[in-house]
Amino acid sequence: MHSQRELGDFLQTRRARLRPEDVGLPDYGDRRRVPGLRREELAMLAGVSPSYYTRLEQGQSVGASPEVLDALAQALRLDEAERHHLHDLAGSVRRPPVVRRPPEEHADASTLELLESLGDVPALVSGRRGDVLAWNRMGHALFASHVDFSGPRYPDDRPNLARLVFLDPHIRALYADWPEKARSVIQNLRMVAGRHPDDARLTSLVGELTMNSTEFASMWADHRVRPCDSVVFEMHHPLVGVLTVTQQSLRPPQNGEFHLVLATAARDSASQSALRLLAQVISDASDTRDPRPKRSELVRRPGMSK
């Protein structure tokens, strides 16, 4: 990804969402050619020269200090996630552009033990780019029962959460508010792209989704960022009907790049009953064929590569 362009586009889109009255500036009612603050207005608020800010937004300056970035973040009214993203983008601009093929991801034994210990709580382990590295039987049944359960075992066949959300009609039908789910996925993916601009596989994934989904392309161009820490979704599950779950994303301490995604329902609610019913359905099915692989089978097989 072109780091200078990404930094400039992020600044421009954040500037465009602010009006003069939002930041205490007078609005004389003059017609503006573009929405939002003018560059010189933002530069004044941040305490930098208009020419310097213009060069920064146009990708012609690579030496913004942390102090300048914090001043811009304050002027743009960025939240904490957006401020970190701004620093990530500026840091990648200062580094030489080197596209790398990252090492293969796999869930380690302790993460798999944690996943197994969750019992009937739907859960999966997601990698940096949203690849499903492992899931328990309830996670598979709730999030993507139509996908081959064994897919996460093999790097070449792993389901990818962003690809499923934007390209799979089953997942689109699963979420009552699909646009909200899509925005949640893409805003988190934006944060990852800011931290890892040299990830060749991530760049390839973004390119694929941009080419195959106009909705992805539109949302990606908006440059919004937000971590998927905890979001409530209504789901229309093909086996147990309508249920509302809280999807939480936790980071195992031994690997900050992985996310443990859990789904829970309110105590004594109809949704909790629906999850119990789903657990019973897949338990009955496993009486004749247990779909759960042994823990050793979930670990990446030797010699597998993407």
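Side-chain atoms are counted along with the backbone in the values below, which use heavy atoms only and exclude waters and symmetry mates.
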Does Q272 form a side chain to side chain donor-acceptor pair (under 3.5 Å) with R276? I'd like the steps, not just the answer. CA-CA 6 Å; Q272 187 179 63; R276 288 172 178 160; 3.2 Å; yes

Residues S51, S49; criterion side chain to side chain donor-acceptor pair (under 3.5 Å); working and verdict: CA-CA 5 Å; S51 60; S49 71; 3.3 Å; yes

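Under a 3.5 Å cut-off, the side chain of S117 and the backbone N or O of L114 do form a donor-acceptor pair. The backbone N or O of D199 sits less than 3.5 Å from a side-chain atom of T203, completing a donor-acceptor pair. The backbone N or O of V121 lies less than 3.5 Å from a partner atom in the side chain of N136, making a donor-acceptor pair.
Of the charged side-chain nitrogens involved, at least one lies within less than 4.0 Å of a carboxylate oxygen, so that E215 and R172 count as a salt-bridged pair. Residues R129 and E208 are not paired through a salt bridge, judged by the lack of any N-O separation under 4.0 Å between the basic side chain and the carboxylate. Ionic pairing of R15 and E57 is present here: one or more N-O contacts between side-chain nitrogen and carboxylate oxygen are shorter than 4.0 angstrom. A salt bridge between E6 and R190 is present, with a side-chain N of the basic residue lying under 4.0 Å from a carboxylate O of the acidic one.
Taking both residues in full, the closest heavy atoms of A107 and F258 are given as CA-CE1, 3.9 Å, listed atom of the first, atom of the second, then distance. Here the closest non-hydrogen pair linking A81 and M191 is CB-CE, 4.1 Å.
Heavy atoms from other residues, nucleotides or ligands lying under 6.0 Å from CD of Q74 number 12 at most. More than 12 heavy atoms of other residues, nucleotides or ligands lie within 6.0 Å of CZ in R17, so this atom counts as buried by the packing criterion.
Residues in residues 42-55 take part in no salt bridge (Lys or Arg N to Asp or Glu O under 4.0 Å) pair, two or more places apart or across chains. Every pair passing ring pair (Phe, Tyr, Trp, His ring centres under 6.0 Å) that includes a residue from residues 42-86 is listed here, sequence neighbours excluded: F10-H85.
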Sequence neighbours left out, cut at 3.5 Å: what donor-acceptor pairs do the side chains of residues 239-250 make with other protein atoms?
| from | atom 1 | to | atom 2 | distance (Å) |
| --- | --- | --- | --- | --- |
| Q247 | OE1 | K181 | NZ | 3.0 |
| Q247 | NE2 | Y175 | OH | 3.0 |
| S249 | OG | H259 | ND1 | 2.7 |

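Two rings, from W178 and F166, have their centers less than 6.0 Å apart.
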